[in-house]
Amino acid sequence: MFSRRKQHLPEVILRYRKQKPLGYSALWESADAGRETTVKWLAAWKEQLVFFGESELLFAVEWADFARAKWDEETRSLTLVFVDSAKPSLVFQLPLEYSASLLTVIRERITASIVCQVVRELPNGGKVYGQVRRNADDTLFTQITTENPGMEVDRLYVDQVEAELRDTVGL
């Protein structure tokens, strides 16, 4: 269960930015064993989610780079899924007294980066997913992903979905 008790903002996060994050949490452990330095803290600002080690910034990711986040309350596991399916999902386990506000911020920021979206079936039975997303600097861009991509004729449908999206938002 989440705690209403405030965690103290760690020094590593304080050094990163003068502005306090919208949400942050310690991590109990990282399931991302392939990294040399284990992620110890997550902190969310309006523009990005930032990953910290014990005493250093590891990396930052803009909200529009995430397709979705999944939360499993039973195991307290947070899974962050990238739009780019070539990038492996990040999986973290939060401590017993995790920050519910961080989970809310993550959900809200990923959702806020999506301006509009469409899903269309392709003639070959696959699907095309199109979104207009908002970068941290408020610029708009399109993201098109496909399921079962293939035949050349489908490229025309994919292009039509992107054109429809761009027209919808005036890009």
Side-chain angles (χ1 to χ4, degrees), residues 1-119 127-147:
M1 197 69 182
F2 68 89
S3 172
R4 300 222 185 274
R5 190 174 69 192
K6 283 282 206 189
Q7 292 178 333
H8 293 287
L9 196 60
E11 184 65 31
V12 67
I13 295 175
L14 286 169
R15 283 194 317 262
Y16 177 68
R17 272 178 93 163
K18 292 185 190 319
Q19 179 188 27
K20 186 179 174 193
L22 300 171
Y24 64 96
S25 182
L27 299 173
W28 205 12
E29 63 184 56
S30 172
D32 189 12
R35 296 195 182 282
E36 287 182 24
T37 308
T38 303
V39 176
K40 299 287 186 184
W41 293 93
L42 294 179
W45 281 272
K46 180 184 177 209
E47 304 83 10
Q48 61 192 350
L49 184 61
V50 184
F51 302 80
F52 296 94
E54 193 68 45
S55 61
E56 72 281 348
L57 165 75
L58 298 177
F59 58 98
V61 180
E62 284 193 26
W63 297 110
D65 291 335
F66 292 116
R68 66 188 168 283
K70 294 186 273 186
W71 172 246
D72 182 332
E73 188 162 355
E74 186 174 307
T75 63
R76 296 180 323 282
S77 295
L78 173 65
T79 304
L80 299 164
V81 180
F82 287 97
V83 171
D84 181 353
S85 60
K87 290 184 178 181
S89 298
L90 301 173
V91 181
F92 302 101
Q93 187 174 20
L94 275 61
L96 290 172
E97 295 185 357
Y98 63 87
S99 168
S101 65
L102 174 65
L103 298 175
T104 300
V105 169
I106 289 171
R107 178 181 47 80
E108 289 175 348
R109 297 314 310 161
I110 291 173
T111 301
S113 75
I114 301 169
V115 176
C116 68
Q117 57 189 351
V118 296
V119 178
K127 291 186 179 176
V128 60
Y129 303 89
Q131 296 182 329
V132 174
R133 302 289 296 258
R134 184 180 314 279
N135 277 318
D137 64 2
D138 283 333
T139 58
L140 300 179
F141 66 98
T142 55
Q143 277 180 343
I144 306 295
T145 57
T146 57
E147 184 180 280

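Just so it is clear, the model here is predicted, and its values are computed rather than measured.
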*For residues V119 and K127, report the shortest heavy-atom separation together with the two atoms involved.*
CG1-CD, 4.2 Å

_Contact list for residues 109-119, test side-chain hydrogen bond (donor to acceptor under 3.5 Å, both in side chains), sequence neighbours left out_ = S113-R133, Q117-Q131

*asked:* Could you check whether any side-chain N or O of E11 sits under 3.5 Å from a backbone N or O of S55, counting only pairs where one atom can act as donor and the other as acceptor?
replied: no

*Please name all residues satisfying side chain to side chain donor-acceptor pair (under 3.5 Å) with S101, sequence neighbours left out, ordered by chain then number.*
S99

_Residues that Y16 engages under ring pair (Phe, Tyr, Trp, His ring centres under 6.0 Å), provided they are two or more places apart_ = W45, F52

*Find the distance between OH (Y129) and CD1 (I144) and round it off to the nearest 0.5 Å.*
12.5 Å

_L22 CG to E47 CD distance, which is reported to the nearest 0.5 Å_ = 8.5 Å

_Least distance between heavy atoms, R15 atom then E56 atom_ = NH2-N, 4.4 Å

*Say you draw a straight line from CD of Q19 to CG of L14; how long is it, rounded to the nearest 0.5 Å?*
12.5 Å

*asked:* Would you compute the distance between atom CG of L57 and atom CZ of F51 and round it to the nearest 0.5 angstrom?
replied: 10.5 Å

*For F141, ring pair (Phe, Tyr, Trp, His ring centres under 6.0 Å) partners two or more places apart*: none

*side-chain contact (heavy atoms from CB on, under 4.5 Å) partner of W41, the single match among V12, L58, V50*: V12

*With no hydrogens and no angle check, is any side-chain donor or acceptor of Q143 less than 3.5 Å from a backbone partner on V132?*
no

_Please evaluate residues L103 and L94 with respect to the criterion side-chain contact (heavy atoms from CB on, under 4.5 Å), reporting the C-alpha separation (whole Å), side-chain torsions for both, the decisive distance (0.1 Å), and the verdict._
CA-CA 10 Å; L103 298 175; L94 275 61; 4.3 Å; yes

*Nearest heavy-atom pair of W63 and A44: which atoms, and what distance?*
CZ2-CB, 3.8 Å

*Looking at side-chain heavy atoms only, is the closest gap between V128 and V118 below 4.5 Å?*
no

*Considering all heavy atoms, the nearest S89-T79 contact*: CB-CG2, 3.9 Å

*Counting only N and O atoms by type, is there a donor-acceptor contact under 3.5 Å from the side chain of R76 to the main-chain atoms of P95?*
yes

*Y98 side chain near L78 side chain, heavy-atom distance below 4.5 Å*: no

*Considering residues at least two apart in sequence or located in another chain, which fulfil the side chain to side chain donor-acceptor pair (under 3.5 Å) criterion with T104?*
none

*Between L102 and S25, which heavy-atom pair has the shortest distance, and what is it?*
CD2-CB, 3.5 Å

*Out of curiosity, E62 CD to L49 CG, how far, rounded to the nearest 0.5 Å?*
11.5 Å

*Student check: side-chain heavy atoms of V115 and L140 closer than 4.5 Å*: yes

*What heavy-atom pair brings I13 and L9 nearest, and what distance separates the two atoms?*
CG2-CD1, 3.8 Å

*Set of residues satisfying salt bridge (charged side-chain N to carboxylate O under 4.0 Å, His left out) with respect to E108, sequence neighbours excluded*: none

*Nearest 0.5 Å, what's the CZ-CD1 distance between F66 and I114?*
12.5 Å

*Donor-acceptor pair, side chain of N135 and main chain of D138, under 3.5 angstrom*: no

*Does a side-chain heavy-atom distance below 4.5 Å link F59 with V61?*
yes

